[in-house]
Protein chains: 2
Amino acid sequence: MKNKEIQEARIKGYFIEATRNILKGEGLKALSVRSVADQAGYSYATMYNYFKDINELVFVCVSDFQEEIKNYVDDKISTDSGGLQQVNEATRAWLAYFLEYPGIFELFYVVRGGDFGNKKSILEVIDTSMERACENAWNGVIKSGIMDANVAEFKKARLKYVLIGLLVMFMNRRTPESYTDFILESNRQIDQILGQ
Amino acid sequence: MKNKEIQEARIKGYFIEATRNILKGEGLKALSVRSVADQAGYSYATMYNYFKDINELVFVCVSDFQEEIKNYVDDKISTDSGGLQQVNEATRAWLAYFLEYPGIFELFYVVRGGDFGNKKSILEVIDTSMERACENAWNGVIKSGIMDANVAEFKKARLKYVLIGLLVMFMNRRTPESYTDFILESNRQIDQILGQ
DNA sequence: AAATATATTGAACTTTGTTAATTATATATA
DNA sequence: TATATATAATTAACAAAGTTCAATATATTT
């Protein structure tokens, strides 16, 4: 029954693709069983033949997006820079991705879906999103001995929480008030954490 | 028409009180126009005579909760400690409040209500929640010259973002996995930011 | 006491997630 | 090939939630 599996994966793919498009475009508020099914070219009830519920469908997208984030970061960092400069660039790029796609920020850090708590693998992808996206740059710093591995771990954790905090306040509470102020504050924090 | 105003304020109060109870108890998922009205002793439709919509009702609670947080912090800090030690205690107490009432954390930092973006006064309360709750302890540090005011501002901002980031990851994504780990990590961050 | 204004309410509409029964399609068998 | 069966897809229908509005109840004024 190999054909059946291929066909099933294909149809699942249509739903996933539609979900990805809606999340990246209009965001979570526009996502519904019916809007996904519309874009996938099926009736809304058909979704339930391939996914447990709407949450499962959404969660499947997390890994896809994380891969996209990693590529986005790798594309943006300049090859002629190295060391801490490259970590700085990578971190800013990671941040820039979520500014460009607020719906994906919401998916990663805000939405409290039904059984998000049970899907450990997905929680792990989210928890390590920044670390993995900036992996190459960090490896350069640690391997070359510019920074001690333990110090690097602490700085990574610090960066992660500071930037998620900043993103939450900016996206959910419009603080800082302007995009410019947000960039100033986030750069200040990144520079200070990496520079000290 | 003073009586009318008093009566109106009274009935508004019943709805607000009901909303507060539900948010502190079962949290946002249990909150609905019907559940609030039930507890207030009115029909669901009556709410619309006193509030524009369910969002307005919820937002009104923010200032109330912030006052409660301030009292909670002031009660918890020891009077015999001072300086940075007291700032440390106040900050931990602020954090402890949200751990005790996850529904209020959700209200402050997670929910994206309709016109949250327009209510500048409410956004300001949320943005300065930690700063105001720990005001007294910080004043002690700054007035006594233990810390420069500019340095204090930077540390406040750093603390705010780190702790909101930590709370978001713990509450929304169960990371760190255990309560103990969360406390360890948050204490580590607080100590490091205040101590350096 | 009647007339008018105000407050409260239940019915109803919309949207969204979900289930189940019905219809359509593909596959297997005679 | 024609029929029987299994599988897939869809429509109908329900529940919960926010919201509106016409109808009812209550309070106020004359």
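- A:Phe51 comes within contact range of no nucleotide atom at all, as no heavy-atom separation falls under 4.0 Å.
- Within 4.0 Å (heavy atoms only), A:Thr46 reaches at least one base atom of the nucleic acid.
- Applying the 4.0 Å criterion to OP1 and OP2 of C:dT8, one finds that B:Ser43 has every side-chain N and O outside that range.
- A salt bridge between A:Lys12 and A:Glu17 is absent, with no side-chain N of the basic residue lying under 4.0 Å from a carboxylate O of the acidic one.
- The nearest whole Å value for the distance from the CD1 atom in B:Ile6 to the C1' atom in D:dA27 is 17 Å.
- One atom, CD1 of B:Ile54, and another, P of D:dT20, lie 13 Å apart when rounded to the nearest Å.
- Between A:Tyr42 and D:dA8 there is no side-chain N or O to OP1 or OP2 distance below 4.0 Å.
- Checked against a 6.0 Å centroid threshold, the rings of B:Phe98 and B:Tyr109 count as neighbours.
- Comparing D:dA13, D:dT20, C:dT8 by their nearest atom to the side chain of B:Ala45 picks out D:dT20.
- The nearest whole Å value for the distance from the CD atom in B:Glu56 to the P atom in D:dG18 is 15 Å.
- Of the charged side-chain nitrogens involved, none lies within less than 4.0 Å of a carboxylate oxygen, so that A:Glu89 and A:Arg92 do not count as a salt-bridged pair.
- In this structure, A:Gln7 places its CD atom 13 Å from P of D:dT7, rounding to the nearest Å.
- Atom pair A:Ile11:CD1 and C:dT25:P shows a separation of 14 Å (rounding to whole Å applied).
- Nearer to the 5' terminus of DNA chain C, by closest-nucleotide assignment, is the contact made by B:Glu8 (compared with the other of B:Glu8 and B:Tyr44).
- Ionic pairing of A:Glu106 and B:Arg112 is present here: one or more N-O contacts between side-chain nitrogen and carboxylate oxygen are shorter than 4.0 angstrom.
- Between A:Ile22 atom CD1 and C:dT16 atom P there is a gap of 11 Å when expressed in whole angstrom units.
- Whole-Å rounding puts the B:Asn49 CG to C:dA5 P distance at 18 Å.
- Put simply, B:Tyr48 has no side-chain N or O that comes within less than 4.0 Å of OP1 or OP2 on C:dT9.
- Whole-Å rounding puts the A:Asn55 CG to C:dT16 P distance at 15 Å.
- Not a single donor-acceptor contact under 3.5 angstrom links the side-chain atoms of A:Tyr14 to the base of D:dA9.
- When the side chains of ILVMFWY residues are joined at heavy-atom separations under 4.5 Å, either directly or via intervening members, B:Tyr179 and B:Leu184 end up in two distinct hydrophobic clusters.
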